[in-house]
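One structure is given here, and the rest of the page talks about it.
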Amino acid sequence: MEHGEKNITVVDEEGNEQLCEVLFTFDSEEFGKSYVLYYPIGAEEDEDGEIDIHASAFIPSDDNQDGELIPIEPDADEEWEMIEEMLNAFLAEEEE
């Protein structure tokens with residue numbers, strides 16, 4: 001992963017690059033990780049006017065110029081609940 005101020009380039013397992021916009025990042029003392037929530041630039045809204053938001057754990061490089069995204073395990077229910085709570089708080093704050 002490479003990142004700018006609000007954009008990151010996500011590289012998948014096949015080496016395909018996708019430019020994404022970062023919604024926000026946060027740290028969790030409970031899980032001892034940093035997280036980034038993002039969505040692909042140019043993503044189309046679904047019929048409800050929503051877009052898919054992705055979440056990953058994030059390990060920054062020493063120079064903070066790039067880093068590594070780490071997938072969150074699908075069965076990590078407590079971790080996903082915490083991420084969803086953070087997202088809901090962020091979205092509520094944005095609406096105000």
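Start at 1 with the first residue, then count along the sequence. All values reported here derive from a predicted model rather than from experimental measurement.
Applying the ring-ring contact (aromatic ring centres under 6.0 Å, His included) rule to pairs touching residues 66-94 yields Phe24-Phe90, sequence neighbours excluded.
Two residues are said to be in side-chain contact when any heavy atoms from C-beta on lie closer than 4.5 Å; Lys33 and Glu79 meet this criterion. Two residues are said to be in side-chain contact when any heavy atoms from C-beta on lie closer than 4.5 Å; Tyr35 and Ser28 meet this criterion. Taking the side chain as every heavy atom from C-beta outward, Leu37 and Val22 never approach each other to under 4.5 Å. Looking only at side-chain heavy atoms (C-beta outward), Val36 and Leu69 come within less than 4.5 Å of each other.
Residues Ile51 and Ala43 approach most closely at CG2-O, 4.1 Å, considering heavy atoms. In terms of heavy atoms, Ile72 sits closest to Ile83 at CD1-CD1, 3.2 Å. Nearest heavy atoms, Phe31 versus Met82: CD1-CE, 3.6 Å.
To the nearest 0.5 Å, atom SG of residue Cys20 and atom CD1 of residue Ile41 are 7.0 Å apart. Taking NE2 of His54 as the reference point, atom CG of Leu23 lies at 10.5 Å (rounded to 0.5 Å).
Within 6.0 Å of atom CG in Asp52, 12 or fewer heavy atoms from other residues, nucleotides or ligands are found, so the atom counts as exposed in its surroundings.
Among residues two or more places apart in sequence or in another chain, the side chain to side chain donor-acceptor pair (under 3.5 Å) test is passed with Glu21 by Tyr39.
Gln18 and Tyr38 share no side-chain donor-acceptor pair at under 3.5 Å.
The backbone N or O of Glu50 sits nowhere less than 3.5 Å from a side-chain atom of Asp48 that would complete a donor-acceptor pair.
Side-chain heavy atoms closer than 4.5 Å link hydrophobic residues (I, L, V, M, F, W, Y) into clusters, and following such links, even through other members, never connects Met86 to Ile70.
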